[in-house]
Amino acid sequence: MRIRALTLDLDDTLWPVLPALERADRDLDAYLRQHYPNVARAWPIPAMRALRAEVAAERTDLAHDFTAQRHITMQRAFNACGIDEAPLETLWEVYFSARNSVELYPDSLPALQRLAGRWPVVSLTNGNADLDRIGIREHFAHHICARDTGIAKPDPRIFVAAAEHLGLRPEEILHVGDDPELDVVGARDAGLRTAWINRHGHPWPGLLGTAPDLDLRDMSALVDWLEAQG
Ligand SMILES: [Mg+2]
């Protein structure tokens, strides 16, 4: 296969996302305890998470927009405490800043540096990671997120949007990501080539159909493979 560009998932492909999400919950809780103790008491972290899940289940029209889901969650938590207007901008800054304090896997940055210039890389995420805040924007030609396109992976249309932006045929693009369904199945259905970043060495879940074109342990293995293709 002749690969001319990459689309690249972010969360759990370049860094583990759970520690950042947990830190964001803790930071928000600490902020509430200091400035809005009533709200903090009414909505300890597990209750806030349950409320967020409730909002997500209710607002399926916002399935592509985690930011909007979280704003609604915060507003509801404050409303339930008799506060009409939640300080959403401040709350969001507290949350978002921790959410983007990610710790890259050790192979991620060297791999992005090795890719630089040789293969255009487009980030393709359902999440709300911010490349500028994380400090890796320079390694990407373009950023596509579900929030902006209104379409989330595994819907093939978000991959087609990336191909159109790159001006390439889908089969000239290798999509790289950790999630068998969101990344591999979604990209395959759109006609892209697929690289599964399988950091824990799991077997491919056969019920998802054909295995990915590449099953790789980490980002270094990806660049090794690309370089070997010449
Ligand atoms: Mg991922």
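Numbering starts at 1 and runs along the sequence shown. All ligand and atom numbering here is 1-based and tracks the order in the structure.
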Distance-only donor-acceptor pairs under 3.5 Å for side chains of residues 27-34, two or more places apart:
residue, atom, partner, partner atom, Å
Asp29, OD2, Arg33, NE, 2.9
Asp29, OD2, Arg33, NH2, 3.2

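- Not counting sequence neighbours, the partners of Asp65 by the salt bridge (Lys or Arg N to Asp or Glu O under 4.0 Å) test are Arg147.
- Under 3.5 Å, the side chains of Asp130 and Asn100 contain no donor-acceptor pair of N or O atoms.
- The two atoms that bring Ile158 and Cys145 nearest to each other are CD1-C, 4.3 Å, heavy atoms only.
- Protein N/O/S atoms nearer than 2.8 Å to the Mg ion (ligand 1) total 3.
- The closest side-chain heavy-atom distance from Leu6 to Leu115 is below 4.5 Å.
- Legend: ring-ring contact (aromatic ring centres under 6.0 Å, His included) pairs involving residues 101-148, not counting sequence neighbours, sorted by first then second residue: His142-His165.
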